[in-house]
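Each remark here refers to the structure printed beneath this line.
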Amino acid sequence: MAEKLPFTDPAYRTPGVHTFELTTGLTITGISANTWDDYEQYLHGLTSTGQKIGDIILSPELITAAPDPAPDESNQTIMRRAQSRVAAAAEISQDYPDSTLIIGTVIPVQRAGMFANGAVYIKNGKQLGETRKMPYSPLEAEFFTQATVSSVSQPLPGRRNVLPIICSDLLFHRHTTDFKRDALPINKVTGRYSDPINPRIDTLLVSAYWQIPGVDMGDVVRSDVGSPGGGQGYLNTMQYAARTLFRKYIGLADIVVVDRVPPEGSLGSHQPIYAPYNAHFRWNQ
């Protein structure tokens, strides 16, 4: 059996609007923006770019919270702002009634005043569904006490072959079934785990914030993070994740990543901020 290998285009290493043509025939419009204002401007202006407007319009991770909230902002303030921005995106979506928007945002959870990292699905002004980032650490798992895979990781309504995921989910899904089952407390208790990347899934759409500081990637080594002219370590990690998933899930045909970069100075003086890592991984033809 031929091996699936990642493919990327250097042109994707810039903010802006990118078009991805998938093996299945779907077109994805990726809007790589570092702030909500930039994202909204790109979204408003899609008709003026001359590019085809995709069946799906994909945003980076937590775009409704970008640039990052101030340290002293309350969760309630962050949540209210995010909800207002989701509502604004829903209104704009009526200009593109045939496209489904995937908006990276914060989503309320059962614990009062808390929220999870996720994405909402919007079409022609209406929210169709949502998904949440899979927990990558015990701390994140606290937000998933009652969650099952079926309530967390949701394919697109009407396109059950398309699974939106969030950033480090690319790395989460490389793990064994036992590891992933135990990451959700209720699944650990029941012993059940239903992998969201089932045989029907041929496309992963990834909302990313790939250079965010402080993320523990475990056994994945970013060898040259912070080196002059570097950044290859970040890309190597993403390519490693894509290659691993293609090998593990033979039904996968395309993985699309739409990214944003951290605010200036947030990585520290020893770690420069690189360009966004937008990417299209597919058969290397």
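The structure displayed is predicted, hence computed values, not measured ones.
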Which residues share a side chain to side chain donor-acceptor pair (under 3.5 Å) with Asp95, sequence neighbours left out: none
Leu58 side chain reached by Thr29 side chain, heavy atoms, under 4.5 Å: no
Steps toward side-chain contact (heavy atoms from CB on, under 4.5 Å) verdict (Phe281, Val257): CA-CA 8 Å; Phe281 299 105; Val257 182; 4.1 Å; yes
Ion pair Asp169/Lys180, N-O distance below 4.0 Å: no
Salt-bridge criterion met for Arg81 and Glu73 (N-O under 4.0 Å): yes
Any donor-acceptor N/O pair, Ser32 side chain to Asp259 backbone, under 3.5 Å: yes
Donor-acceptor pair, side chain of Gln211 and main chain of Tyr274, under 3.5 angstrom: yes
Locate the shortest heavy-atom distance separating [X] from [Y]; write the atom from each residue and the value.
{"X": "Leu170", "Y": "Met238", "value": "CD1-CG, 4.3 Å"}
{"X": "Pro69", "Y": "Ala65", "value": "CD-O, 3.5 Å"}
{"X": "Gly45", "Y": "Tyr96", "value": "N-OH, 4.3 Å"}

Transitive ILVMFWY side-chain link Ile57 to Trp36, under 4.5 Å: yes
Leu245 CG to Arg174 CZ distance, which is reported to the nearest 0.5 Å: 9.5 Å
Approximate separation, where rounding is to 0.5 Å, of Thr64 OG1 and Ile103 CD1: 8.5 Å
Looking only at side-chain N and O atoms, does [Y] offer a donor or acceptor that is under 3.5 Å from a partner on [X]?
{"X": "Tyr209", "Y": "Asp68", "value": "yes"}
{"X": "Lys123", "Y": "Thr100", "value": "no"}
{"X": "Thr203", "Y": "Asp254", "value": "no"}

Test side-chain hydrogen bond (donor to acceptor under 3.5 Å, both in side chains) applied to Tyr249 and Asp195, step by step: CA-CA 11 Å; Tyr249 300 102; Asp195 198 329; 2.7 Å; yes
Mutual orientation of the aromatic rings belonging to His18 and Phe20 [parallel < 30°, tilted 30-60°, perpendicular > 60°]: tilted
